[in-house]
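Structure first, commentary second.
Letters A, B, ... are given to chains in the order of the sequence lines, protein chains preceding strands, and every chain is numbered from 1.
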Amino acid sequence: MLKNEKIELKEFFELRKEVLQTWPTGQDVSIEEGMKFHRTIPEEKRFAWVMKKALQEGKLLLQPRAGVALIDDHIKLLRYLENEGQADLLPTTIDAYTRQNRYQEAEKGIEKSRQAGTSLLNGFPAVNYGVTGCRRVVESLSKPIQVRHGTPDARLLAEITLAAGFTSFEGGGISYNIPYAKRVSVEKSIRDWQYVDRLVGLYEENGVRINREPFGPLTGTLVPPCLSIAIGIIEGLLALKQGVKSITLGYGQGGNIIQDVAAIAAINQLAEEYFRQEEFDDYELTTVFHQWMGGFPEDEAKAFSVIALGAMVAKFSGAEKVIVKSPHEAMGIPTKEANAQGLRASRQAINMVEDQVIFDSEDLAEEVELIKKEVHCLIDKTYEMGAGDLALGTVAAFEAGVLDVPFAPSIYNHGKIIPMRDTEGFIRIFNKGNLPLTEEIMNYHHQRLMERARAEGRVISFEMVTDDIYAISKGKLVGRPK
Amino acid sequence: MLKNEKIELKEFFELRKEVLQTWPTGQDVSIEEGMKFHRTIPEEKRFAWVMKKALQEGKLLLQPRAGVALIDDHIKLLRYLENEGQADLLPTTIDAYTRQNRYQEAEKGIEKSRQAGTSLLNGFPAVNYGVTGCRRVVESLSKPIQVRHGTPDARLLAEITLAAGFTSFEGGGISYNIPYAKRVSVEKSIRDWQYVDRLVGLYEENGVRINREPFGPLTGTLVPPCLSIAIGIIEGLLALKQGVKSITLGYGQGGNIIQDVAAIAAINQLAEEYFRQEEFDDYELTTVFHQWMGGFPEDEAKAFSVIALGAMVAKFSGAEKVIVKSPHEAMGIPTKEANAQGLRASRQAINMVEDQVIFDSEDLAEEVELIKKEVHCLIDKTYEMGAGDLALGTVAAFEAGVLDVPFAPSIYNHGKIIPMRDTEGFIRIFNKGNLPLTEEIMNYHHQRLMERARAEGRVISFEMVTDDIYAISKGKLVGRPK
Amino acid sequence: MSDKDTIILGVIGADCHSVGNKILELFFTSEGFKVVNLGVMVSQQEFVDTAIETNAKAILVSSLYGHGEIDCQGLRELCIEKGVDPIILYAGGNLVVGKTPFSVVEEKFKKMGFDRVFPPDVDLKQVANLLRKDIQEKFGQARQKEEERSL
Amino acid sequence: MSDKDTIILGVIGADCHSVGNKILELFFTSEGFKVVNLGVMVSQQEFVDTAIETNAKAILVSSLYGHGEIDCQGLRELCIEKGVDPIILYAGGNLVVGKTPFSVVEEKFKKMGFDRVFPPDVDLKQVANLLRKDIQEKFGQARQKEEERSL
Ligand code: B12
Ligand code: B12
């Protein structure tokens, strides 16, 4: 049965046998050999080390997303981002078939890509390439490199990529299920991610630190900060339990500068609080800010402004890492050139504000307090529903709509809450569905939303939500009527 | 003799005869016919009206710079910026020969451009085209249109373009001399701009309101806010005296967000104070924020970030107008496409922050007070040096270095002050030259600069200034040692 | 008109992008269609089976994540095989990997048997009008009879 | 080396861009040249007259504002006419109107008789090295004699 407890090694290795059998390349995975390789990796190429250094030095590191079907092209792409893009951290974004464990289709994608001479996959099919192929990627680069995906069951992917020498692994049992899948139960994905975290814990116990990063932005669309943060902290706690030590909690830009800066502040304060409450004290906590994760403007000039503002706010927020978009975002997977443009534009914006101290205003404190109160409501209720067990609590919470991600595809998600922007662009909650938010909190949200309705001379309606979803891509933040 | 007094009509018309003789197209200028034409211009095409409306509605209007040698190409260019760029206000940027009254060379430029089939001039030679040519430009567009130049003696240019139907005229006796000329005395240029302002006053007295805009950014390079503001207010006062009623004071982005927002606030407060002190009370005052006027990065992706941040800060500052740069800035006069990209990127950034309230912090009030104190020192001393006459005072002030623009080409400018950035990127003054700033003020500047020196582990040196000049184009705000 | 035209919506393949899909459902419902929304991660089989069950006039396939080219191949053939032809097939979204001139994308998908192809920033109002027109043209006969009966 | 090589700086034509010029003066002085800086708005005549007066080895012409193409035409011819040839002529800045591939700009100015042409983002250190090399090559003979004398 599911429980928030460290998986016994015996059980782990039994599960492992099955996992490695799900695709032929599983046979080549040796954790020992992997660890041996990891020990040869220099510090500057280790994700956890570099993140910690950024924290100590108050630096903001830049990381793009990137992945293509063919291995040589993938290496070329990452090298370009390392050199022309001056990326501080590298990704390997996994294709969408692999994410669904459809390795057969990924194989077909590789084939067709070879024939077409260009990538027909939206990412790098790491499982199909196995440890040897992935190792080639790791060895061809000089910056730390992370697996970025969106895989509900990432056990084989983790086995292969970690053994190959990747030093960071994105995702979590909630954040890589609810926004990315349709029919995977929360129980199953949490269990599968406990396996991934246990694997990382195993490396850790053997002196190899792997960074883990829950996926903060969820659906990337009008996600109220409290939800993203509560889920991130829950995934952090589940990971810590399996022995993970280096954790980077994420947040996707909402658009209101104050709310965005407040959110990162709240993540840090809340994570420390909950992690210590569960008596963890030797973890390394950092944060990552994602540039705008919703629909982008098609026009590249406009997209550049979305990127620049995102980079700037990331810096103001004090996050250690920013995930960078490209001017092609609305149109398709970026070329390497467009991806590097996104990096360079971001770097410029960050450098232009990095010495400036803008935020210590009251608005900020108010918003941090609000977010903290909300997250307390969500996490405390989740604990309660699991009678103290966070894994069980999470399953029950999704079942009851106590955790509820807007616009998510999963049938295990209620999809009842209705978020919308207030008149200053803060993301507020109009319909809380079953979220256990207090009356006081909801009154505040409603009051702010009423202000907007008045300002726009219309009643609060679902139309506002649709308008808000389109807003940034149509060149606005708040979706006002025409 | 020079005096800050309204030019008598008789004297004006005597001068006018000479002015109109300086180039053949001067013969065709009729103020009466011009006024008649102006009266047919609808409100939405009148600069003063549109600026005032923006003030009332809290809107920020976008204006590019643009001008080419051939009239049809110029019209095409402006139409493109109106349509594809969605510019709110249009420019006609004048070429550099015309600015120096070298109409013969401008003629050659037109010829060579015709032969080359492309513009070899860096602007539109309005004088050579005369009233008829300029009228064609005005009639081909539907947005208000302004003459933007940099001409110490702009009398003929003003006669022609105003009669043609332009509704706004940039410049001033200081701001279009000191940064733009080498051997033109301040006395001469102030006198020539009194003429321009008197001409505008004449239109005004006949019911035709022309907007006037002193050029705020000066050399665009590390200009301390107090200097730009003091000079703008002096030019505003000189213009009011000649009967001008619609004035837009300008400021070029310095790079520190708080200082930039504070500067626009200070302009408004100080202008009101000095204008009323001289008993003017029926003027329309608005402000314009120039996106970064110093050296740009060559890389277009980086340039986009400079543009986006400039647009955002313009909106935060509450200015009514922003002058927009293009991603080609570092390289050359932009194509119409690049120019429109600058507009669209700016629009996106502005729209994304326009509903957000970020600034009411203490830092801001502090910086506003500092700027006000400094400007008081400068303007009050200028009055004193002219024994109450601002025109005479200004001449004397430049002679004595009481007004002193950094990096200016004019031999009538001391060029003694040394500005540099403090560690947060505020532009401070290291060497005040002869600026009449109090010890208290200078102590503050030095203290802030010492913080930077400490942070960088080097002594304050001219090298810092050079580093600061290059900084933005090299992707930083503060020019730190490597 | 007595009956609303049934149309099927869905995001094909392993694609999880659910936001646009939810908006399309809202929109086409408000435009007077009977919408059967299969949500995300829909297989070709599921599309065609549902078309049979619901007697739908059109299938509006979305693909955002880049694998559209692979996922959509053979859908028209399957429709023919299962006898739901002439059903109207539309495709929309970010249909291929990478920024590509739309004319290239359009040609690709038309060759695959799609009647119309749309870029992500398409004006939905226009799509609804085209859809009504296409239904009228392809099913006009049947429609007219229905309408006559209902008079 | 007993004497410093004299070089002339200036911004040609009706060009008022003074910032880069001030930096060039600082830089080349620190590199050990004797710099005669004519500032902005310098005519061809002024450049050549000063070259005669100062026995300069090189003229470094700046043009930022776009009229460089018009303003620089004939400078080499004037140098020849006034007998200051073989003087080294460099040009740098934003030499033509509009963003233009540098190779095109370079060719234009080399045709006009400039020895070297530089884009605005040139590494000045490199320019100083090239200038020393060019002076050595063109005036090496004379130079060597001078150096021998000073030994
Ligand atoms: C939000 C988002 C996500 C969220 C999705 C959450 C969710 N469950 O919905 C998350 C973060 C989970 C995500 C994941 C991924 N994403 Co995504 N995502 C986006 C993003 C930023 C916005 C999408 C969106 O919601 N837009 C708003 C809605 C309203 O617009 P829309 O989806 O375009 O739909 C409208 C139109 O397309 C049109 N339309 C759609 N279908 C049809 C059909 C017809 C017939 C018609 C007429 C019209 C029509 O009408 C809709 C309503 O207006 C886009 C880029 C963008 N557009 O800016 C990338 C994007 C779609 N994602 C992309 C990719 C590749 C992925 C990933 C594979 C990760 C990766 N490699 O980067 C995974 C996918 C995993 C999977 N299995 O699918 C790529 C696709 C690339 C391509 N085609 O070349 C994009 C374009 C980003 C990019 N440039 O790289 N993504
Ligand atoms: C600041 C500035 C101004 C200020 C100048 C103040 C002053 N007195 O100096 C103001 C606002 C007054 C101004 C006015 C104008 N400007 Co202006 N200006 C700029 C800007 C933004 C920065 C210039 C600068 O100071 N850079 C910093 C210094 C350190 O760099 P630099 O000047 O490039 O000089 C370095 C190098 O070029 C190189 N270099 C220069 N010469 C030489 C020579 C040699 C031999 C070598 C080896 C190297 C070398 O070394 C220098 C030191 O590092 C540039 C665009 C940019 N670069 O971002 C436009 C720019 C130069 N200006 C331009 C124009 C057109 C004008 C105007 C005509 C107005 C207009 N139409 O827009 C007027 C000119 C009027 C006149 N009579 O000259 C254009 C030129 C266009 C072109 N060539 O196609 C530019 C490129 C902007 C643009 N893209 O439109 N400008």
Side-chain angles (χ1 to χ4, degrees), chain A residues 85-86 255-259 261 292 297 299-312 316 326-327 337-338 340-364 421-426 452 455 471-472 474-478 480, chain B residues 85-86 255-259 261 292 297 299-312 316 326-327 337-338 340-364 421-426 452 455 471-472 474-478 480:
Chain A
Q86 296 274 301
N256 176 287
I257 297 174
I258 290 182
Q259 190 170 41
V261 175
W292 181 246
D299 177 55
E300 293 188 25
K302 293 181 182 173
F304 269 118
S305 279
V306 179
I307 289 169
L309 264 53
M312 178 194 75
F316 285 154
S326 90
E337 291 82 10
Q341 283 185 317
L343 281 161
R344 293 200 304 270
S346 297
R347 178 82 65 188
Q348 177 81 22
I350 291 164
N351 287 355
M352 281 175 66
V353 301
E354 73 178 346
D355 297 314
Q356 304 192 38
V357 183
I358 305 291
F359 289 103
D360 51 1
S361 76
E362 280 211 351
D363 278 352
L364 203 55
R421 292 192 189 278
D422 70 19
T423 196
E424 288 182 50
F426 287 82
R452 168 173 175 190
I472 293 264
K474 295 202 171 153
K476 300 260 173 185
L477 177 62
V478 181
R480 311 268 186 209
Chain B
Q86 296 274 303
N256 176 287
I257 298 174
I258 290 181
Q259 190 170 41
V261 176
W292 181 246
D299 177 57
E300 294 189 25
K302 293 180 182 172
F304 269 118
S305 279
V306 179
I307 289 169
L309 264 53
M312 179 194 75
F316 286 154
S326 89
E337 291 81 9
Q341 282 184 318
L343 281 161
R344 293 200 304 269
S346 298
R347 178 82 64 190
Q348 178 80 24
I350 291 164
N351 286 354
M352 281 174 67
V353 302
E354 72 177 346
D355 297 314
Q356 304 192 37
V357 184
I358 306 289
F359 290 101
D360 52 4
S361 76
E362 279 209 354
D363 277 350
L364 202 55
R421 291 190 189 280
D422 71 18
T423 195
E424 288 182 51
F426 287 80
R452 169 173 174 189
I472 293 264
K474 294 201 172 154
K476 299 258 174 187
L477 177 61
V478 182
R480 311 267 187 211

Item to check | Partner set under side chain to side chain contact (heavy atoms under 4.5 Å, CB included) for A:Lys302, not counting sequence neighbours | outcome: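 Expected list: A:Pro297, A:Asp299, B:Arg344, B:Gln348.
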
Checklist entry - Is it the side chain or the backbone of B:Met312 that comes within 4.5 Å of chain A heavy atoms, both, or neither? => result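 Side chain of B:Met312 only, per the 4.5 Å heavy-atom cut-off to chain A.
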
Item to check | Presence of salt bridge, A:Arg421 and B:Asp355, under 4.0 angstrom | outcome: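 No, B:Asp355 and A:Arg421 are not salt-bridged.
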
Item to check | Selection from B:Thr423, B:Ile257, B:Ile307, B:Val478 maximising heavy-atom pairs under 4.5 Å formed with chain A | outcome: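 If we count pairs closer than 4.5 Å to chain A, B:Ile257 comes out on top.
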
Checklist entry - Looking at B:Ala340, B:Pro327, B:Ala349, which has the largest count of heavy-atom pairs under 4.5 Å with chain A? => result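 That would be B:Ala349.
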
Item to check | Heavy-atom pair count under 4.5 Å with chain B, highest-scoring of A:Glu424, A:Gln341, A:Arg480 | outcome: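 Option with the greatest count: A:Glu424.
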
Next on the checklist: Using only atom types and a distance under 3.5 Å, with no angle test, would you say the side chain of B:Gln356 pairs donor to acceptor with the backbone of A:Gly255?
Outcome noted: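 Present.
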
Checklist entry - Which bit of A:Val353 comes within less than 4.5 Å of chain B, counting heavy atoms only: side chain, backbone, both or neither? => result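 For A:Val353, the side chain is the part near chain B, not the backbone.
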
Item to check | Interchain contact, A:Glu354 with chain B, by part (heavy-atom threshold 4.5 Å) | outcome: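 Answer is side chain: those atoms of A:Glu354 sit under 4.5 Å from chain B.
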
From [X] atom [atom1] to [Y] atom [atom2], the distance as rounded to the nearest 0.5 Å:
X: B:Met352; Y: A:Ile472; atom1: CE; atom2: CD1; value: 3.5 Å
X: B:Ile358; Y: A:Phe359; atom1: CD1; atom2: CZ; value: 4.5 Å
X: B:Ser305; Y: A:Ile350; atom1: OG; atom2: CD1; value: 8.5 Å

